[in-house]
Engineer: 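The following block contains the structure, expressed as structure tokens.
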Amino acid sequence: MAYFFEEPSHTFDEYLLIPGYTSSDCIPSNVSLKTPVVRYNKKNGEKCPLTMNIPMTSAVMQAVSNEVLAVALAKEGGISFIFGSQTIENQAAMISRVKSYKAGFVKSDTNIRPDQTLSELVEKIQQTGHSTAAVTENGESNGKLVGIITERDFRISHVNPNEKVNTYMTPLKDLVKGEDGIALEEANDLIWKNKINQLPVVSKSGNLLYLVFRKDAASHEEHPNELLDEQKRYIVGAGINTRDYMERVPKLIAAGADILCIDSSEGFTEWQKRALVDIHKNFGENVRVGAGNVVDAEGFNFLAEAGADFVKIGIGGGSICITREQKGIGRGQATATIEVAKARDEWFKKTGVYIPICSDGGIVHDHHITLALAMGADFVMLGRYFARFDESPTNKLIVNGNYVKEYWGEGSNRARNWQRYDLGGSKKMAFEEGVDSYVPYAGSLHDNVNTTTSKIIHTMCNCGVMNIDDLQKKAKITLLSPASIREGSAHDVIVKNSIKAN
């Protein structure tokens with residue numbers, strides 16, 4: 001006879017947080033959402049080698065995590081995991097583009113010779129999407145600098161497109177320059193002092209090394225939580241599978257990936273154990289790899305023992321996931337998070353090593369994130385949430401008079417990511433475990449994430465805590481009856497429709 005759990009499994013929607021004492025110090029501006037991402041020896045006082053400034057990551061999905069969303073999320077303090085259901089070369093290129101997007105000192109990617117034409121320049125600008133071009137003798141990013149030209153220096157509709165770049169560029173003699181070795185702060189000071197938009201940094205021999213942009217300094221002021229590595233580059237993750245990891249991982253590391261995650265619907269497998277052991281053995285313990293997904297203590301302990309740097313929780317709870325319908329397997333996300341968090345704490349007591357856990361799926365409302373954190377999750381992974389934004393890679397459409405964005409599961413026929421559901425069989429999907437759908441368009445990631453984190457912070461103040469660790473220790477949570485769930489929404493009133501101005 002099968003083992004039966006005595007308690008039913010619950011979702012986040014069945015719980016509420018109970019307010020705690022809020023002191024005069026417990027105000028939103030004092031709350032920190034910083035959270036650990038990878039395992040570390042907490043008992044010995046070791047600092048976590050990788051943390052986030054907000055507890056939010058984007059899902060390893062074609063419809064969610066590309067380089068554009070990765071940059072936008074890193075600006076807010078979270079990590080995006082670039083989807084792995086593509087060629088190794090394409091995924092590595094996405095990682096590389098994130099790492100080169102902003103480094104304070106940026107390698108110029110739009111370069112041209114002075115004798116080339118304006119039409120050739122326009123073509124390069126359209127290819128790269130960057131309106132500032134370095135003019136070098138050989139047209140290469142490290143060539144001898146002779147000038148700078150931007151889209152504002154000419155109007156292609158009012159000039160002869162065959163005219164030469166050197167006619168419209170700002171020549172070297174008129175440029176403010178920085179020399180090799182200049183500090184980023186000093187470079188930014190030169191930009192503001194001279195009222196320029198970019199500062200070329202050149203070697204002693206006059207070769208272009210980097211460009212420093214005014215907009216990057218301004219962006220930092222607008223995004224104080226941005227998540228950067230030691231070289232001031234954005235942090236980015238990458239999804240991998242248990243089939244081609246020996247070929248994929250070294251190329252992702254070379255491209256600059258800061259953290260990896262084995263993308264699988266089921267983490268309690270020999271395949272994940274082999275992958276974790278092989279990666280750490282062949283590429284070093286400093287290569288950080290998350291694993292999952294699991295829904296109970298046994299699954300967590302298995303992956304912790306195998307060397308997972310974080311463990312992902314959740315089977316069948318995603319909005320586009322039909323695993324529970326198709327296979328009758330999974331667990332309510334709240335119950336799974338609570339049990340895995342207890343196993344994580346027991347592991348820490350036994351070993352002194354803290355292994356962060358990520359709640360993946362089951363997040364419908366913003367307050368569900370706070371509940372997941374209170375139940376023990378260190379961060380959450382979100383698919384539908386991020387798929388709604390401008391920065392996600394899918395098309396924005398009008399359906400029934402409303403703006404929507406496309407959103408499909410990795411187990412759908414559209415994605416056909418058979419590696420995610422791989423159980424060591426043939427290289428194909430036997431049936432769908434995800435759907436192809438639409439989600440309501442929601443605007444920019446920046447605005448929405450700010451609203452979401454604001455809700456989390458204010459709720460933490462209501463609980464009387466100022467960081468996630470204290471939330472996990474001090475939060476009080478109550479299970480709801482069906483009647484109290486209904487009571488929690490607007491009821492017994494006629495809700496007015498918002499009137500939009502003409």
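Only a predicted model underlies this, so the values are computations on that prediction, with no experimental measurement involved.
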Engineer: Nearest 0.5 Å, what's the CD1-CD distance between Ile485 and Glu14?
Structural biologist: 5.5 Å
Engineer: Determine, for Phe310 and Arg344, whether the Lys NZ or Arg CZ falls below 6.0 Å from the six-membered ring centre while staying within 45 degrees of the axis.
Structural biologist: no
Engineer: Just by distance, no angles: are the side chains of Gln62 and Ser85 close enough, under 3.5 Å, to form a donor-acceptor pair?
Structural biologist: yes
Engineer: Classify the angle between the aromatic ring planes of Phe12 and His368 as parallel (below 30°), tilted (30 to 60°) or perpendicular (above 60°).
Structural biologist: tilted
Engineer: Determine the minimum heavy-atom distance between Ala306 and Val277, stating which atoms define it.
Structural biologist: O-CG2, 4.1 Å
Engineer: Hey, can you tell me if His367 and His365 have their rings parallel, tilted or perpendicular (30° and 60° cut-offs)?
Structural biologist: parallel
Engineer: Between Leu16 and Leu371, which heavy-atom pair has the shortest distance, and what is it?
Structural biologist: C-CD2, 4.3 Å
Engineer: Any heavy-atom pair between the side chains of Val287 and Leu260 that's under 4.5 Å?
Structural biologist: yes
Engineer: Can you check whether Val294's main-chain N or O pairs, donor with acceptor, with Glu266's side chain at less than 3.5 Å?
Structural biologist: no
Engineer: Whether Lys396 and Glu406 form a salt bridge (side-chain N of Lys/Arg under 4.0 Å from carboxylate O of Asp/Glu) is what I want to check.
Structural biologist: no
Engineer: Got more than 12 heavy atoms from elsewhere within 6.0 Å of CD, Glu270?
Structural biologist: yes
Engineer: Taking atom types as modelled, is there a side-chain donor on Asn462 or Thr459 under 3.5 Å from an acceptor on the other?
Structural biologist: no
Engineer: Regarding Asn53 and His223, is there a side-chain donor-to-acceptor distance under 3.5 Å anywhere?
Structural biologist: no
Engineer: May I ask you to check if Lys43 and Phe348 form a cation-pi contact, with NZ or CZ under 6.0 angstrom from the six-membered ring centre and within 45° of the axis?
Structural biologist: yes
Engineer: Apply salt bridge (charged side-chain N to carboxylate O under 4.0 Å, His left out) to Asp278 and Arg274, showing your working.
Structural biologist: CA-CA 6 Å; Asp278 287 344; Arg274 290 181 187 179; over 6 Å; no
Engineer: Between the main-chain N or O of Ala297 and the side-chain N or O of Glu339, is there a donor-acceptor pair closer than 3.5 Å?
Structural biologist: yes
Engineer: Nearest heavy-atom pair of Met375 and Ala341: which atoms, and what distance?
Structural biologist: O-CB, 3.3 Å
Engineer: Spell out, as yes or no, whether a donor-acceptor pair under 3.5 Å connects the side chain of Ser65 to the backbone of Ile82.
Structural biologist: no
Engineer: Between Glu226 and Lys75, is there a salt bridge with N-O shorter than 4.0 Å?
Structural biologist: no
Engineer: Whether the side chain of Ser489 engages the backbone of Arg486 through a donor-acceptor N/O pair (distance < 3.5 Å, no angle test) should be reported.
Structural biologist: no
Engineer: Using side-chain heavy atoms (C-beta onward) and a distance below 4.5 Å, is Lys99 in contact with Asp258?
Structural biologist: yes
Engineer: Does Arg388 make a cation-pi contact with Phe386 (under 6.0 Å, within 45 degrees of the axis)?
Structural biologist: no
Engineer: Decide, yes or no, whether a salt bridge links Lys473 with Asp469 under the criterion of side-chain N to carboxylate O below 4.0 Å.
Structural biologist: yes
Engineer: So do Pro49 and Tyr40 actually touch side chain to side chain, heavy atoms under 4.5 Å?
Structural biologist: yes
Engineer: Kindly assign one of parallel, tilted or perpendicular to the pair Phe300 and Trp347, based on the angle between their ring planes and the thresholds 30° and 60°.
Structural biologist: perpendicular
Engineer: Rounded at 0.5 Å granularity, tell me how far OG in Ser23 sits from CE in Met466.
Structural biologist: 5.5 Å
Engineer: Using distance alone, with no hydrogens and no angle criterion, decide if Thr451 and Asn448 have a side-chain donor and acceptor under 3.5 Å apart.
Structural biologist: no
Engineer: Between Asn467 and Thr35, does a side chain to side chain contact (heavy atoms under 4.5 Å, CB included) hold up when you go through it step by step?
Structural biologist: CA-CA 9 Å; Asn467 57 65; Thr35 191; over 6 Å; no
Engineer: Look at Glu346 together with Lys350 and state whether they make a salt bridge at an N to O cut-off of under 4.0 Å.
Structural biologist: no
Engineer: For the residue pair Arg288 and Arg39, establish whether any side-chain heavy-atom pair is separated by less than 4.5 Å.
Structural biologist: yes
Engineer: Any chance you could measure Asn241, atom CG, to Ile262, atom CD1, to the nearest 0.5 Å?
Structural biologist: 9.5 Å
Engineer: Going from OG on Ser80 to OH on Tyr234, what distance comes out if it is rounded to the nearest 0.5 angstrom?
Structural biologist: 13.5 Å
Engineer: Do the numbers put Lys405 on top of the ring of Tyr438, so that NZ or CZ is under 6.0 Å from the six-membered ring centre and no more than 45° off the axis?
Structural biologist: no
Engineer: If you count every heavy atom of other residues, nucleotides or ligands that lies below 6.0 Å from Glu305 atom CD, does the total exceed 12?
Structural biologist: no
Engineer: Taking all atoms of both residues into account, what is the closest heavy-atom pair of Asn293 and Gly314, and its distance?
Structural biologist: ND2-O, 2.8 Å
Engineer: Quick one: closest heavy-atom pair of Ser58 and Val64, and the distance?
Structural biologist: CB-CG1, 4.0 Å
Engineer: Apply side chain to side chain contact (heavy atoms under 4.5 Å, CB included) to residues Asp360 and Leu382 and explain how you reach the verdict.
Structural biologist: CA-CA 7 Å; Asp360 174 22; Leu382 305 162; over 6 Å; no
Engineer: Any side-chain heavy atom of Gln333 within less than 4.5 Å of one from Thr337?
Structural biologist: yes
Engineer: Within a strict 4.5 Å, meaning less than it, do heavy atoms of the Tyr407 and Ser319 side chains meet?
Structural biologist: yes
Engineer: Using only heavy-atom distances, determine whether the side chains of Thr452 and Tyr385 contain a donor-acceptor pair under 3.5 Å.
Structural biologist: yes
Engineer: If you measure from the Lys or Arg side-chain nitrogens to the Asp or Glu carboxylate oxygens, is any gap between Lys251 and Glu89 under 4.0 Å?
Structural biologist: yes
Engineer: Side chain to side chain donor-acceptor pair (under 3.5 Å) with Tyr354: which of Asp378, Asn41, Asp345?
Structural biologist: Asp378
Engineer: Could you state the interatomic distance from OG1 (Thr370) to CD1 (Ile457), rounded to the nearest 0.5 Å?
Structural biologist: 10.0 Å
Engineer: Looking at side-chain heavy atoms only, is the closest gap between Pro250 and Phe283 below 4.5 Å?
Structural biologist: yes
Engineer: Assess the side chains of Glu7 and Thr335: does a donor N or O sit below 3.5 Å from an acceptor N or O?
Structural biologist: no
Engineer: Quick check for you: to the nearest 0.5 Å, what is the distance between Leu445 atom CG and Asp390 atom CG?
Structural biologist: 9.0 Å
Engineer: Step by step, would you call Ile329 with Arg324 a side chain to side chain contact (heavy atoms under 4.5 Å, CB included)?
Structural biologist: CA-CA 5 Å; Ile329 195 164; Arg324 296 179 192 177; over 6 Å; no
Engineer: So, for Ala291 and Leu276, which heavy atoms are closest and what is the spacing to 0.1 Å?
Structural biologist: CB-CD1, 4.0 Å
Engineer: Should Gln86 and Met94 count as side-chain neighbours, where that means a heavy-atom distance under 4.5 Å?
Structural biologist: yes
Engineer: Please step through side chain to side chain contact (heavy atoms under 4.5 Å, CB included) for the pair Thr57 and Phe81, ending with a clear verdict.
Structural biologist: CA-CA 7 Å; Thr57 63; Phe81 286 86; 4.0 Å; yes
Engineer: State whether Arg233 and Asp229 are salt-bridged, where the test is any N-O pair (Lys NZ or Arg NE/NH1/NH2 against Asp/Glu carboxylate O) under 4.0 Å.
Structural biologist: yes
